[in-house]
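Data first, discussion second: the structure below is written as structure tokens.
All chains are named by letter (A, B, ...) in the order of the sequence lines, taking the proteins before the strands, and each is independently numbered beginning at 1.
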2 protein chains.
Amino acid sequence: MKQEIKKNAPQELNPNVSVDCVIFGFDFDKLNVLVIDRADGTSVPLALPGNLIYNHEHLDQAAIRVLEELTGLRNIYLEQIGAFGDPQRISKASDQSWLQKVRDQPEARVITVAYFSLVKMEDYIPQASSFAKSAAWVPLNDIHELAFDHLEILSAAKRQLKQMINIRPIGFNLLPEKFTLGQLHKLYEAILDKPMDKRNFRRKIQKLNLVKSLEEKQLGVPHKPSQLFMFDEKKYQNLMQTGINNFGF
Amino acid sequence: MKQEIKKNAPQELNPNVSVDCVIFGFDFDKLNVLVIDRADGTSVPLALPGNLIYNHEHLDQAAIRVLEELTGLRNIYLEQIGAFGDPQRISKASDQSWLQKVRDQPEARVITVAYFSLVKMEDYIPQASSFAKSAAWVPLNDIHELAFDHLEILSAAKRQLKQMINIRPIGFNLLPEKFTLGQLHKLYEAILDKPMDKRNFRRKIQKLNLVKSLEEKQLGVPHKPSQLFMFDEKKYQNLMQTGINNFGF
DNA sequence: GTTGCTTTGTGTCATTTTAACACTTTCAAA
DNA sequence: TTTGAAAGTGTTAAAATGACACAAAGCAAC
């Protein structure tokens, strides 16, 4: 399905353009990012999943393909962050071996287009997949070094995420189908990186009519069990369409 | 100054990456966009100023350079919109002659990175410059066709402008040093594309303390002359730094 | 110099939104 | 049965929003 070749264009990597993906996950406590370890064992900085694009493919499709090839994640909706074009952004890197495999001029110019997405961590457990060695969730706040200019990309992704959550109800992609308001609350605090008043938060969320309460409650927790909630799919689509209502916190 | 060659890298155009600029201007009534006419006389769609980048230059610098080369505009702060990567985005074009000058494979893949900026129209009068033939202001709402995928880029620029004006006081770049609140009001209506209540607008603007009233008044207008205003430069920088206050309308 | 045209400039009120704040309930584990 | 831990809930004061109408100032035309 993904390997279609359009026309008779040769399926060649374009040596000048790559894509990188910032995949956020939420473990009910803090944000995590999916990173890959390109070197086996050697101490090379971790990197965002990314690679060169093919000449025949759309940038957006390239991001989807590369993400799947490197992590196994499929059917992820990716949002573009932007292009990063420092001419030295690649040669800064400590490890260039993978690059030299695909290009003849080691100093060739590569610009990258970055994407980000939010996924449910439960949907993707690297340890259980065939990509165990290479992909892993790392807490966002523990990341202090990354390959190339990936730290800069990550920082732009955080900024954009913070901004976007006030415009669209994207945060919901990070939660399982059934969730508690406490979990949603923690998620917003993690993304906006600031504490928020519990009662005011709940009031605001409830007024949106975006979540509907289920008859179910949490089981097996060592404290008062929480009501479980789901999204109202229709309302959600509605909000995304009519666009950009004031969803701000 | 701009023609520095770093290291000994050859100053070569990169055939795979271009930049395009959406330059907005405001004529106190509506938004305008700076477009260029690449063909001399022949009826080829107008285009956004854009061209291929050099291998040695930063994307952001490329945008600044290309803009100056094509329009003469200098020292413009450009904000990135994003990358456009449809593999067919170029071959859709009706005129490819300029492309064929710089590349040997006519079907080569070009992705473009788009930028936008806001300028004071008074600062740039194409008719008076040496670029008279090629660059011109066109009212935003009169643009129904552009070369390549430039209409799509323009549409993204409009979206981003609309969004950004609620986050940062960027609109002020479009006005002369001294301006009236009525002009500012019209500008916001033009960007947000909706009528706004005069009194509520003025109240909100004044509360920001971003503008300070001068002792001067308009001269020579056939009606009650308006108070003139300027920005408070300090307050402005402050707002941009502490970032993203609620500036929404 | 009076009339008409055009844009400026101003205040109130009802409604909604926001921020700050503390205690009781429920369950599991010890 | 006690303890710990998170759930759940309401009020109030302050601020922001949206709707709304008329007098003032200048120029131009007569």
Side-chain angles (χ1 to χ4, degrees), chain A residues 26-30 165-167 169 175-176 178-190 192-230 239 244-249, chain B residues 26-30 165-167 169 175-176 178-190 192-230 239 244-249:
Chain A
F26 180 61
D27 59 11
F28 300 122
D29 179 45
K30 58 197 176 317
I165 203 164
N166 281 329
I167 293 179
L175 291 172
K178 300 172 183 181
F179 56 89
T180 73
L181 289 188
Q183 290 165 348
L184 188 60
H185 182 205
K186 272 218 137 179
L187 172 56
Y188 271 78
E189 290 189 326
L192 296 175
D193 196 27
K194 70 175 183 193
M196 303 169 74
D197 182 86
K198 183 167 52 157
R199 281 178 286 191
N200 294 340
F201 177 83
R202 295 168 83 99
R203 171 159 38 101
K204 196 154 180 177
I205 284 288
Q206 307 243 34
K207 185 143 21 120
L208 291 173
N209 281 332
L210 223 159
V211 294
K212 52 189 181 191
S213 126
L214 303 175
E215 297 306 307
E216 266 172 282
K217 283 178 184 268
Q218 267 184 324
L219 293 177
V221 287
H223 54 262
K224 180 172 177 178
S226 171
Q227 192 68 235
L228 286 173
F229 290 81
M230 283 185 70
L239 260 190
I244 310 175
N245 296 33
N246 58 324
F247 198 76
F249 279 91
Chain B
F26 180 60
D27 60 12
F28 299 122
D29 180 44
K30 57 197 177 318
I165 203 164
N166 281 328
I167 293 180
L175 292 173
K178 300 172 183 182
F179 54 90
T180 73
L181 289 188
Q183 289 165 348
L184 189 59
H185 183 204
K186 271 219 140 181
L187 172 57
Y188 270 78
E189 290 188 325
L192 296 175
D193 196 26
K194 68 176 184 193
M196 303 169 73
D197 182 85
K198 184 168 50 157
R199 282 178 284 191
N200 294 340
F201 177 83
R202 294 168 84 98
R203 173 164 34 120
K204 197 154 179 176
I205 284 290
Q206 307 244 34
K207 186 144 18 125
L208 290 174
N209 281 330
L210 224 159
V211 294
K212 52 188 182 192
S213 125
L214 303 174
E215 298 307 307
E216 268 171 281
K217 283 179 186 267
Q218 266 183 325
L219 293 177
V221 288
H223 55 261
K224 179 172 178 179
S226 171
Q227 191 68 234
L228 286 173
F229 291 81
M230 283 185 70
L239 260 189
I244 311 175
N245 296 32
N246 58 323
F247 199 76
F249 278 91

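Nucleotide dA7(D) holds its P atom 17 Å from the CD atom of Glu216(A), rounded to whole Å. For the pair Asn200(B) CG and dG11(C) P, the interatomic distance rounds to 14 Å; values are reported in whole Å. In this entry the distance linking CD1 of Ile205(A) with P of dT17(C) reads 15 Å, nearest Å. Regarding His185(B), its NE2 atom lies at a distance of 19 Å from the P atom of dT6(C), rounded to whole Å. dA19(D) atom P lies 8 Å from atom CG of Asp197(B), rounded to whole Å. In this structure, CG of Leu214(B) is placed 16 Å from P of dT8(C), rounded to the nearest angstrom.
Side-chain atoms of Gln218(A) come within 3.5 Å of backbone atoms of Ser226(A) as a donor-acceptor pair (strictly under, hydrogens ignored). In this structure, the side chain of Glu189(A) engages the main chain of Met196(A) through a donor-acceptor pair within 3.5 Å.
Comparing Arg199(A) and Gly182(B) by the nucleotide of DNA chain C whose heavy atom lies nearest to each, the residue mapping closer to the 5' end is Gly182(B).
For DNA chain D, the neighbouring residues in residues 217-226 of chain B, judged by any heavy atom under 4.0 Å, are Val221(B), Pro222(B), His223(B), Lys224(B), Pro225(B).
For dT17(D), the OP1/OP2 oxygens have no side-chain nitrogen or oxygen of Arg203(B) closer than 4.0 Å.
Set against dA20(C), dG8(D), dT10(C), the side chain of Lys198(A) has dG8(D) as its closest nucleotide.
Of the residues listed (Thr180(A), Asp29(A), Asp27(A)), the one engaging Lys186(A) in a side-chain contact (heavy atoms from CB on, under 4.5 Å) is Asp29(A), and it is the only one.
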